[in-house]
Visitor: 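I have a structure I would like to understand better, so I am pasting it below and will then ask my questions one at a time.
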Protein chains: 2
Amino acid sequence: MNNSIEIKCQKQGVRLTDQRKLIAKVMSESEDHPDVDELHKRVNKLDSKISIATVYRTVKLFEEAGILSKHDFKGTKARYEQATHEHHDHLIDINTGEIIEFVNEDIEKLQKKVSEKLGYKLVDHRLELYGSKIKK
Amino acid sequence: MNNSIEIKCQKQGVRLTDQRKLIAKVMSESEDHPDVDELHKRVNKLDSKISIATVYRTVKLFEEAGILSKHDFKGTKARYEQATHEHHDHLIDINTGEIIEFVNEDIEKLQKKVSEKLGYKLVDHRLELYGSKIKK
DNA sequence: ATAATTGCAAATGCTTTGCTTGTGA
DNA sequence: TCACAAGCAAAGCATTTGCAATTAT
């Protein structure tokens, strides 16, 4: 769990620079889904010279290497999370912006079924629920 | 079906300018999901003086009035469609970009169920399937 | 050694906006 | 009439890129 990102980089022949190591570290330790700006801020606390351009480049590189996942939720900037966990979808709290991950096998199966019925092989999907907390 | 957009505008007190009428007309007659640039091109064939700024403003206005729906599919610009039909989701052909609409009540129900289980009232959702055509 | 990576600033692509002129109800 | 809308060009925002300097292997 800890800094598996560095290990993945080595496996994929991704050159490990100081900047990439820091970005990997910060993302490994992040429990949330930071956007590039936020990630840049966190990384800057460890090394104030890292440029936002490098963060953009690295995040893209990591995404292409299957190390990070990018999400474009409605009305927000692109957010990133570690791609280690098993597949899941997201519920976004429309009031706080909080993001909750969930898995639902029934929905997954139905998506596949719908695709096939339409004559398609399901390659990817995006499912986002937007909701507001029910007060008790 | 024909130009219901104009009627909706009147009902909502949206002032009907020539430009808006044309944009309404073009969207009414569109079977696909054009982006702003494409819409601007189509509208320009009818009136070459309409600016892209007006198209952007109108499309936003219509969206807020519930007349058009905006979609930000992965890797593309924002696309619009008439919001008249009943709710539906989309399957995007990853090879051709073609967009197929579908409805699946079971998935809808499960989404609601998932939200509630997490303590949320489902307000909105986004479901997109990305697939490639199965050749026979 | 040397091909890849960084930082910077400039460029990009889509979208919005300020301002002046034009116009629908 | 007159508040609202259009056209234009400039600004905004997130992201990408060219280039010279730096660095990992």
Side-chain angles (χ1 to χ4, degrees), chain A residues 5-26 33-65 67-80 97, chain B residues 3 5-26 33-44 46-65 67-80 97:
Chain A
I5 293 184
E6 282 199 22
I7 295 162
K8 281 194 185 178
C9 284
Q10 286 168 327
K11 274 186 191 160
Q12 306 223 16
V14 169
R15 190 186 282 189
L16 268 176
T17 63
D18 289 348
Q19 292 87 334
R20 290 180 183 169
K21 280 182 198 160
L22 282 185
I23 292 169
K25 178 178 159 63
V26 168
H33 301 65
D35 60 37
V36 171
D37 231 50
E38 175 60 27
L39 178 54
H40 183 226
K41 274 180 200 148
R42 292 182 193 175
V43 163
N44 264 346
K45 285 183 188 159
L46 307 174
D47 176 352
S48 62
K49 293 176 300 310
I50 295 181
S51 75
I52 188 91
T54 296
V55 179
Y56 270 107
R57 279 192 273 236
T58 302
V59 122
K60 190 177 208 180
L61 178 78
F62 283 1
E63 197 206 347
E64 284 162 359
I67 293 168
L68 295 180
S69 309
K70 180 186 185 184
H71 301 292
D72 288 287
F73 300 129
K74 285 188 189 185
T76 63
K77 316 185 212 173
R79 296 168 165 279
Y80 289 85
Chain B
N3 204 331
I5 293 182
E6 282 198 22
I7 295 161
K8 282 195 185 177
C9 283
Q10 286 168 328
K11 274 186 191 157
Q12 305 223 16
V14 169
R15 188 186 285 189
L16 269 176
T17 64
D18 290 347
Q19 292 86 338
R20 289 180 184 169
K21 279 182 199 160
L22 282 184
I23 293 169
K25 178 180 160 61
V26 169
H33 302 66
D35 60 37
V36 172
D37 231 51
E38 175 59 26
L39 177 54
H40 183 226
K41 275 180 200 151
R42 293 182 192 176
V43 164
N44 263 346
L46 306 174
D47 175 353
S48 61
K49 294 177 298 310
I50 295 182
S51 74
I52 188 91
T54 296
V55 178
Y56 271 107
R57 280 192 272 236
T58 302
V59 121
K60 190 178 207 179
L61 177 78
F62 283 0
E63 196 206 348
E64 283 161 0
I67 294 169
L68 294 180
S69 309
K70 179 186 185 183
H71 301 293
D72 288 288
F73 300 128
K74 285 189 189 182
T76 63
K77 317 184 210 170
R79 295 168 165 278
Y80 290 86

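Chain letters run A, B, ... following the sequence lines, proteins first and then strands; every chain starts at 1.
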Visitor: Between D:dT16, C:dG7, C:dT17, which nucleotide has the shortest distance from any of its atoms to the side chain of A:Tyr56?
Guide: D:dT16
Visitor: Enter the inter-axis angle for the ends of the helix from C:dA1-D:dT25 to C:dA25-D:dT1 (five pairs per end, rounded to 10°).
Guide: 40°
Visitor: Between protein and nucleic acid, restricted to nucleotides 21-25 of chain C and to nitrogen or oxygen atoms under 3.5 Å apart, what atom pairs and distances do you find?
Guide:
residue	atom	partner	partner atom	Å
C:dA25	OP1	B:Leu16	N	3.3

Visitor: Using whole Å, report how far CD of A:Gln12 lies from C1' of C:dA4.
Guide: 17 Å
Visitor: For residues 34-43 of chain A, please give each side-chain donor-acceptor pair under 3.5 Å, one per line with the distance, not counting sequence neighbours.
Guide:
residue	atom	partner	partner atom	Å
A:Asp35	OD1	A:Asp37	N	3.1
A:Asp35	OD1	A:Glu38	N	2.8
A:Glu38	OE2	A:Arg42	NE	2.8
A:Glu38	OE2	A:Arg42	NH2	3.3
A:His40	NE2	A:Asn44	ND2	3.2
A:His40	NE2	A:Ile50	O	2.8
A:His40	NE2	A:Ile52	N	3.4
A:Arg42	NH1	A:Ser30	OG	2.9
A:Arg42	NH1	A:Asp32	OD1	3.1
A:Arg42	NH2	A:Asp32	OD2	2.7

Visitor: State, to 0.1 Å, how close B:Arg15 and B:Arg20 come at their nearest heavy-atom pair, and which atoms those are.
Guide: O-NH1, 2.8 Å
Visitor: State whether A:Lys77 places a side-chain N or O below 4.0 Å from either non-bridging phosphate oxygen (OP1 or OP2) of D:dC13.
Guide: no
Visitor: Whole-Å distance between C:dG13 P and B:Asp72 CG?
Guide: 18 Å
Visitor: Does the side chain of A:Asp72 come within less than 4.5 Å of B:Asp72's, by heavy atoms?
Guide: no
Visitor: Think B:Lys60 has a side-chain N or O under 4.0 angstrom from the OP1 or OP2 of C:dT15?
Guide: no
Visitor: CG of B:Asp47 versus C1' of D:dA6: gap in Å, rounded?
Guide: 11 Å
Visitor: Which of these nucleotides, D:dT15, C:dC8, D:dA9, is closest to any side-chain atom of A:Ala78?
Guide: D:dT15
Visitor: Tell me the interatomic distance from B:Lys41, atom NZ, to C:dC14, atom P, rounded to whole angstroms.
Guide: 10 Å
Visitor: Regarding B:Arg20, tell me which of base, sugar-phosphate or nothing describes its non-hydrogen contacts under 4.0 Å with the strands shown.
Guide: sugar-phosphate
Visitor: Specify the separation, in whole Å, of atom CG of A:Leu61 and atom P of C:dT5.
Guide: 7 Å
Visitor: Working to the nearest 0.5 angstrom, can you tell me the gap between A:His71 NE2 and B:Lys74 NZ?
Guide: 8.5 Å
Visitor: Please say which of A:Asp18, A:Leu22, A:Ile23 ends up in a side-chain contact (heavy atoms from CB on, under 4.5 Å) with A:Leu46.
Guide: A:Leu22
Visitor: How many whole angstroms separate atom CG of A:Leu22 from atom P of C:dG7?
Guide: 10 Å
Visitor: When you measure from the side-chain N and O atoms of B:Thr54 to the phosphate of D:dG7, is any distance below 4.0 Å, counting only OP1 and OP2?
Guide: yes
Visitor: Restricting to non-hydrogen atoms, name the atom on B:Gln12 and the atom on B:Ala65 that form the minimum distance, rounded to 0.1 Å.
Guide: NE2-O, 2.8 Å
Visitor: Mind calculating the distance between CZ (B:Arg57) and P (C:dG18) to the nearest angstrom?
Guide: 10 Å
Visitor: What's the spacing between B:Gln19 CD and B:Lys49 NZ if we round to 0.5 Å?
Guide: 8.5 Å
Visitor: Any base atoms under 4.0 Å from A:Ile52, or only sugar-phosphate, or nothing? Heavy atoms, all strands.
Guide: nothing
Visitor: Rounded to whole Å, please give me the gap between CZ in A:Arg79 and C1' in D:dA14.
Guide: 14 Å
Visitor: Taking all atoms of both residues into account, what is the closest heavy-atom pair of A:Cys9 and A:Phe62, and its distance?
Guide: SG-CE1, 3.6 Å
